[in-house]
Amino acid sequence: PLAPAARTSSSASSSSRRTTLYVMAGKSTWFWKVMLLANVTMFGLTMRRNKYEFEPMSTNPLFGPPTTALIDVGAQTQELVLEGRQYWRMLSSMFLHAGLIHLGVNMAALYSLGRELEERFGALRVALIYFASGLWGSALSAIFIADWVCVGASGAVFGLFGAVWADFVQNCRAQKG
């Protein structure tokens with residue numbers, strides 16, 4: 001259920017107006033947990049595909065699998081997506097990571113941002129932002145980044161960061177009037 005959090009502010013002409021912000025009251029959070037589990041599981045499956053062997057640090061400084069293992073499980077390249085018409089890779093690449101460092105940073109951000117947003121606005125809105133941002137990030141990397149293997153939830157996480165920032169700016173305006 002939505003719980004209104006009313007704030008009254010006054011404008012320069014000393015007339016008052018009422019701004020109502022709706023936040024999700026008492027909602028349990030689950031979406032960010034499912035995404036975190038999916039990303040960690042996919043990293044484990046990718047490493048299993050590579051017989052749990054990490055690439056040398058000179059090849060992959062993020063402490064992870066080779067690009068061939070990532071491509072086998074769904075990573076995207078410009079050639080595979082645009083020329084090979086394997087559009088599903090734009091979604092699957094959102095759940096793959098180049099290494100433990102990449103996975104750790106993205107999952108820490110997902111925990112921090114996703115949990116906060118889901119508590120305030122609910123799982124459906126967070127899922128919409130997460131997948132829309134992730135797919136746009138994948139589409140743009142497929143168009144503009146040639147000759148690279150692209151993986152990660154960074155586009156989705158940056159979308160969540162943008163939502164937190166927009167919420168912050170909106171609430172600053174509501175408080176200032």
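Excluded from the calculations below are hydrogen atoms, water molecules and symmetry mates; all remaining heavy atoms, backbone and side chain alike, are included. Numbering of residues begins at 1 and proceeds along the displayed sequence.
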Applying side-chain contact (heavy atoms from CB on, under 4.5 Å) to W88 and M90, what does each step give before you reach the verdict? CA-CA 5 Å; W88 59 272; M90 292 192 305; over 6 Å; no
Would you confirm whether E119, through its side chain, and T29, through its main-chain N or O, come within 3.5 Å as a donor-acceptor pair? no
Does L124, at its CG atom, have more than 12 non-hydrogen atoms belonging to other residues, nucleotides or ligands within less than 6.0 Å? no
More than 12 heavy atoms of other residues, nucleotides or ligands under 6.0 Å from CZ of F131: is that the case? yes
In short, L160 meets L113 closest at the heavy-atom pair CB-CB, 4.1 Å
Can a donor-acceptor pair be found, under 3.5 Å and without considering hydrogens, that links the side chain of E55 to the backbone of G64? no
Is the backbone N or O of Y52 less than 3.5 Å from a side-chain atom of N50, with the two atoms forming a donor-acceptor pair by type? no
Mind listing the closest non-hydrogen atom pair of T46 and P65 along with its distance? CG2-CG, 3.7 Å
For H102 and A98 the tightest heavy-atom approach is ND1-N, 3.0 Å
Between E118 and F31 (side chain of the first, backbone of the second, donor and acceptor by atom type, cut-off under 3.5 Å), is there such a pair? yes
Say whether, by atom type as modelled, one donor and one acceptor occur between the side chain of S112 and the main chain of A108 under 3.5 angstrom. no
Checking the side chain of N39 only, and the main-chain atoms of M35 only, is there a donor and an acceptor separated by less than 3.5 Å? yes
Roughly how far, to the nearest 0.5 Å, is CD1 of I71 from CZ of R89? 7.0 Å
Do M94 and L135 have side chains that get closer than 4.5 Å, going by heavy atoms? yes
Less than 6.0 angstrom from the centroid, inside 45 degrees of the normal: does R125 satisfy that with respect to the ring of F121? no
